[in-house]
Number of protein chains: 4
Amino acid sequence: MHFASDNCSGVAPQIMAAMVRANEGQAPGYGNDPLTSRLTAQIREVFDAPEAEIALVPTGTAANALSLAVLAAPWSAIFAHELAHITRDECGAPEFFTHGAKLVPVPGAHGRMSPDALRAVIAAHGTGGVHSVQRGAVSLTNVTEAGTVYTAAETAALCAVAREFGLPVHLDGARFANAVVATGASPADLSWRAGVDILSLGGTKNGCMGVEAVVLFNPSRAWEFQLRRKRSGHLLSKHRFLAAQMSAWLENGLWLDLAAHANSMAARLAAGLTAKPGVSLRGPVEANLMFTTWESGLHDRLRTAGASYYSEDGAGYEGARLVTGWSTTPDDVDRFLALI
Amino acid sequence: MHFASDNCSGVAPQIMAAMVRANEGQAPGYGNDPLTSRLTAQIREVFDAPEAEIALVPTGTAANALSLAVLAAPWSAIFAHELAHITRDECGAPEFFTHGAKLVPVPGAHGRMSPDALRAVIAAHGTGGVHSVQRGAVSLTNVTEAGTVYTAAETAALCAVAREFGLPVHLDGARFANAVVATGASPADLSWRAGVDILSLGGTKNGCMGVEAVVLFNPSRAWEFQLRRKRSGHLLSKHRFLAAQMSAWLENGLWLDLAAHANSMAARLAAGLTAKPGVSLRGPVEANLMFTTWESGLHDRLRTAGASYYSEDGAGYEGARLVTGWSTTPDDVDRFLALI
Amino acid sequence: MHFASDNCSGVAPQIMAAMVRANEGQAPGYGNDPLTSRLTAQIREVFDAPEAEIALVPTGTAANALSLAVLAAPWSAIFAHELAHITRDECGAPEFFTHGAKLVPVPGAHGRMSPDALRAVIAAHGTGGVHSVQRGAVSLTNVTEAGTVYTAAETAALCAVAREFGLPVHLDGARFANAVVATGASPADLSWRAGVDILSLGGTKNGCMGVEAVVLFNPSRAWEFQLRRKRSGHLLSKHRFLAAQMSAWLENGLWLDLAAHANSMAARLAAGLTAKPGVSLRGPVEANLMFTTWESGLHDRLRTAGASYYSEDGAGYEGARLVTGWSTTPDDVDRFLALI
Amino acid sequence: MHFASDNCSGVAPQIMAAMVRANEGQAPGYGNDPLTSRLTAQIREVFDAPEAEIALVPTGTAANALSLAVLAAPWSAIFAHELAHITRDECGAPEFFTHGAKLVPVPGAHGRMSPDALRAVIAAHGTGGVHSVQRGAVSLTNVTEAGTVYTAAETAALCAVAREFGLPVHLDGARFANAVVATGASPADLSWRAGVDILSLGGTKNGCMGVEAVVLFNPSRAWEFQLRRKRSGHLLSKHRFLAAQMSAWLENGLWLDLAAHANSMAARLAAGLTAKPGVSLRGPVEANLMFTTWESGLHDRLRTAGASYYSEDGAGYEGARLVTGWSTTPDDVDRFLALI
């Protein structure tokens, strides 16, 4: 009953098998191997983006921070939801990689920004000439940190606001697969066709061991990206093992199958919780994570029984963040529900 | 016949098996798992250093640059051999992680610094009061980039020079296992007992998939190290797979067996090359890499036959860097020699 | 009728005379001159702080950003009012000098933070372990950007909140002289006795040509400060001219006389504005700047008549920021009022 | 008898008078004043460069480091003479402002690089693909740190080497006026017509109080420069006093008169020293500074008599750096010589 994070799951068996297969003989390092070339072709095909450049890194934080560094100058503002992972959960990685850009929080219920809210915040910044930080970039997250999703149309509307100000758009897609499944949109419609310039495509949370692909739909800064990746220690020498993971993940739609399973486990969990008296969900459950509140005292019982999750308590109630993953079983869910 | 780098080898079978075994069920992320705890205990035991703090990262560049960042201020000089990996092969990673420290090259034949040369360079820097960068740290490399090694006594002599100036010492041990085998010294004698404060202990080049352990013999800055690691995107969520690799690598002395094999393949190769007319080694072969020169024209023949390596040609001759690894076979060596 | 900024005023005649006097013969550079020594003694006496270390820089932005850089690590949060100069008006200088610290805004009416608001914001940050930026420092501003002041007791209460979390305190005193006059507190009571660790003591806005003194009440990081000052290009070679300005400024209480004049001109202006129908002040006027609103159309008339100031218009009204300085005359004020 | 530095001199009387004159009434801050506009026109005329953009800063270190920051990426190498001020005397300011670029020393006698030496060093760097820092920029110094000068033709030859590699060129002209006088070249021939992209034009060492003009002959990055200047705290609010200094300095060729005087005092000193037995000059004296050696014991006598200078002693001899300035008198020189 691990609901702490989708990264508590291990590696999907098809992916582990691919890694074992990749371990044959010797291969050139640093991405100059056939598996990396193959993966590049796969990603371009999945996204219908034959010009896109791809770079693999081992963590989502690296993917996000490197992406922002090629989009935003050190003296610029990056606009993102106030709950965004880049704002709250990366120990200042964007500031480090961008050499000091400022993350400006955009409010919005359930982890989502509205176009109007985004426009208002952007408009209020960068108006002081040389005295203020300049408008730099917009960063979206889909699935959001609150477990909601943006549809392709909603993504396009937010990108359109960025374009009003001439700003490029980054998309943190640590759970992009779950968003694709949740919205039914194509990967292209949910990214570059909506106006996204650069995507952190997350594999780790959804069945890989540790790999994220940065997809540069606009390849003009791909060489700079590679230099920044090397300079930050994120160019892995035995690169074939990164490529093998993600290649197997994409193969035959495995990534979507894994995400669909995680989403369905979340739906099962949400349905069960909703039926419980004294338990409420703090927002819509659209992908594979949710936030709940219940009366105090339940944490003890659940944890004693072996459940793990992050608690977010408030005055007079207990709160929990519950995340399902590719390896969550119906039995996990049902046993958890039975304890409540 | 891959002699380009020890990172062209794959993953040793015992290590891959351990990774597969680690993929059971779910586990807490970010190093809060039992495998990581076990590895920490193993490293402390191998180094006879019960107080040491350990941090795992996916690349040697990250290990080195993070280590230097906790030792050296942004306004300081880091003294290292002019051929050091940190100086030539990391695209400025030390400058990035330290926020601008200056790498000052120390000359020396065959990749080695002498204590006198190190002392002379340190003494010549940092004498300008507030106008000059301050003396910050010394970084050693063992095995050196030229394929030579420092004995424990030589390491201690260099660390003693650092101590004359009050400077801490980092040791880039991307091939530390090969140095341990080559010198016969204990891991402790070759590191903290000689005066090393922080060690980049390399697993990747010697049979792992992608893991380096930073060993902080002085644990006072361990928390800062962890923050810097997270902030630079080097804290992997599915951390158990890093720990599993290195744990298996250390288990039953596998790391030293793999290194001993690589070193012996290098000795076999060196012996064969020495016997060839027109071929000369550019320095002593003490571990698992060497530099050779031979008459022009040989590159073509070797590469046509399937050999791979880096060339370093000069006026009127061809040069090669030849590296052996844990997976190099006697047959690889003999076929290569037969072509010359 | 210049009400745009107190930095539109020139140099007070006593200060210009001192600069001319300082221009005799030759003198050692970089602060090793007698005038700098004398100024150090003066500041220590004015602040009753014989241990304090002093460093002069040419701008308030440099004073603030360097101060924050010695207090706050790159991975830390700096808590400051949402209108603070460091947050809005320095083009990211704090982020540049600190190598990426995050400025966290604290809300509060009229430019002031309450202890409770400060405590709430600090408490809400830095709770994510290695994943979140760490609590770093608190930065106060007195006179605030809104023209209000903190008394000595209010300053002490805010510093006490910082101490609850073990955080050091910076005070942006670009208009510190005006705050001393407004509160009637001693310089010591308004700074280190209240708990301030480091003060940006502004001379430029109050009659100097361009000099700010950073006063390090805790001198333990004075050498680091000097290195950071040099490294950022803020160590002036002909340093005696910085010292001469500020020495004359402090001599015989000139700094307080100039500030008292500026404050009194603001009071005169505020009184006059309050008496005008259709004009309102947006907050208390406690020092030498104020914010007003009036009906649309007035800007044109005032500017045609030669008045200068920054406008801050809203829907259906015009707004203005009006700042008085040491050289503002009663006639300036009265002519301005007569136009309304 | 101050020969320590040309910054030990004060402010030339014409310049101080202009500063006093500038102190009339109020003026807009941050460079939006008539004196700054006038100075911009003057510099464009002096350099025959009507498109050039100008930015004033208070120190040479700021001028150099900001210039390099707009020319060179963080992951690049800046090629400069091994004695360059940016390399040895700025406490790592270029590394700070560029976010970690690497200064690569070019050897050469008497502070000068030859085109061949420059070409060889550039060619040896940046050859490692993504693993090595990239070639970024060339920085020249004229007058050099050794007191020699580059002619316009020599400057052009060095810039041509930079162009072979597609690199932009910065010129540290802290003593540019002395170089103009020494070579007889026009300011344009000694800068942009030779291929210089950006010039640090030094006023401070040559009679100003503290002002350097950065001249961007290629104005395409002028806005970025302004942002970097503000962000580093180098945009002075009472900007008219910077402009007034440099405007008076350029007026009627005062800058060249002051430099000619300094150079002639150096020639007088060099001639006198050459005539002394046991005294030798360590290089040609072409502008206003020189390096000498003499037998041990002389330092004591000279300093007791009131002479000041930097000593650079070696084994068995004493050495001195002697610098003349606009305020050095023939009597200073002759009294100094008489002591030897």
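Letters A, B, ... mirror the listed sequences (proteins, then strands); counts begin at 1.
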Asks: Can you tell me which of Thr204(D), Asp33(D), Leu235(D) forms the most heavy-atom pairs within a distance under 4.5 Å of chain C?
Replies: Thr204(D)
Asks: Go through the structure and list residues passing ring-ring contact (aromatic ring centres under 6.0 Å, His included) with His170(D), not counting sequence neighbours.
Replies: none
Asks: Measure distances from Met16(D) to the heavy atoms of chain C and classify the residue's part below 4.5 Å as side chain, backbone, both or neither.
Replies: side chain
Asks: Can you measure from CZ (Arg231(C)) to CD (Glu95(D)) and round to the nearest 0.5 angstrom?
Replies: 6.5 Å
Asks: In terms of the angle between their ring planes, are His99(D) and Phe96(C) parallel, tilted or perpendicular, with boundaries placed at 30° and 60°?
Replies: perpendicular
Asks: Who wins among Cys8(D), Ser327(D), Cys91(D) for the most heavy-atom pairs under 4.5 Å with chain C?
Replies: Cys8(D)
Asks: Most heavy-atom pairs under 4.5 angstrom with chain C, which of Gln26(D), Lys205(D), Arg240(D), His239(D)?
Replies: Gln26(D)
Asks: Just so I understand: if I count every heavy-atom pair under 4.5 Å between each of Gly29(C), Gly325(C), Pro58(C), Gly210(C) and chain D, which residue has the most?
Replies: Pro58(C)
Asks: Could you look at Ser232(D) and say if it's the side chain, the backbone, both or neither that has a heavy atom under 4.5 Å from chain C?
Replies: both
Asks: Where on Phe241(D) is there a heavy atom nearer than 4.5 Å to chain C: the side chain, the backbone, both, or neither?
Replies: side chain
Asks: With a strict 4.5 Å heavy-atom criterion, list every residue of residues 59-70 of chain C that contacts chain D, or say none.
Replies: Thr59(C), Thr61(C), Ala62(C)
Asks: Need one label for Asn32(D): side chain, backbone, both or neither, based on atoms under 4.5 Å from any heavy atom in chain C.
Replies: neither
Asks: Main chain of Gly10(C), side chain of Lys238(D): is a donor-acceptor contact present, judged purely on distance under 3.5 Å?
Replies: yes
Asks: Just by distance, do the side chain of Asn7(C) and the backbone of Ser237(D) share a donor-acceptor pair under 3.5 Å?
Replies: no
Asks: With chain D as the partner, which of Met209(C), Glu90(C), His234(C), Lys230(C) has the greatest number of non-hydrogen pairs under 4.5 Å?
Replies: His234(C)
Asks: Using heavy-atom distances under 4.5 Å, tell me whether Leu242(D) contacts chain C through its side chain, its backbone, both, or neither.
Replies: neither
Asks: Given that the side chain runs from C-beta out, which part of Ser5(C) has a heavy atom under 4.5 Å from chain D: side chain, backbone, both or neither?
Replies: neither
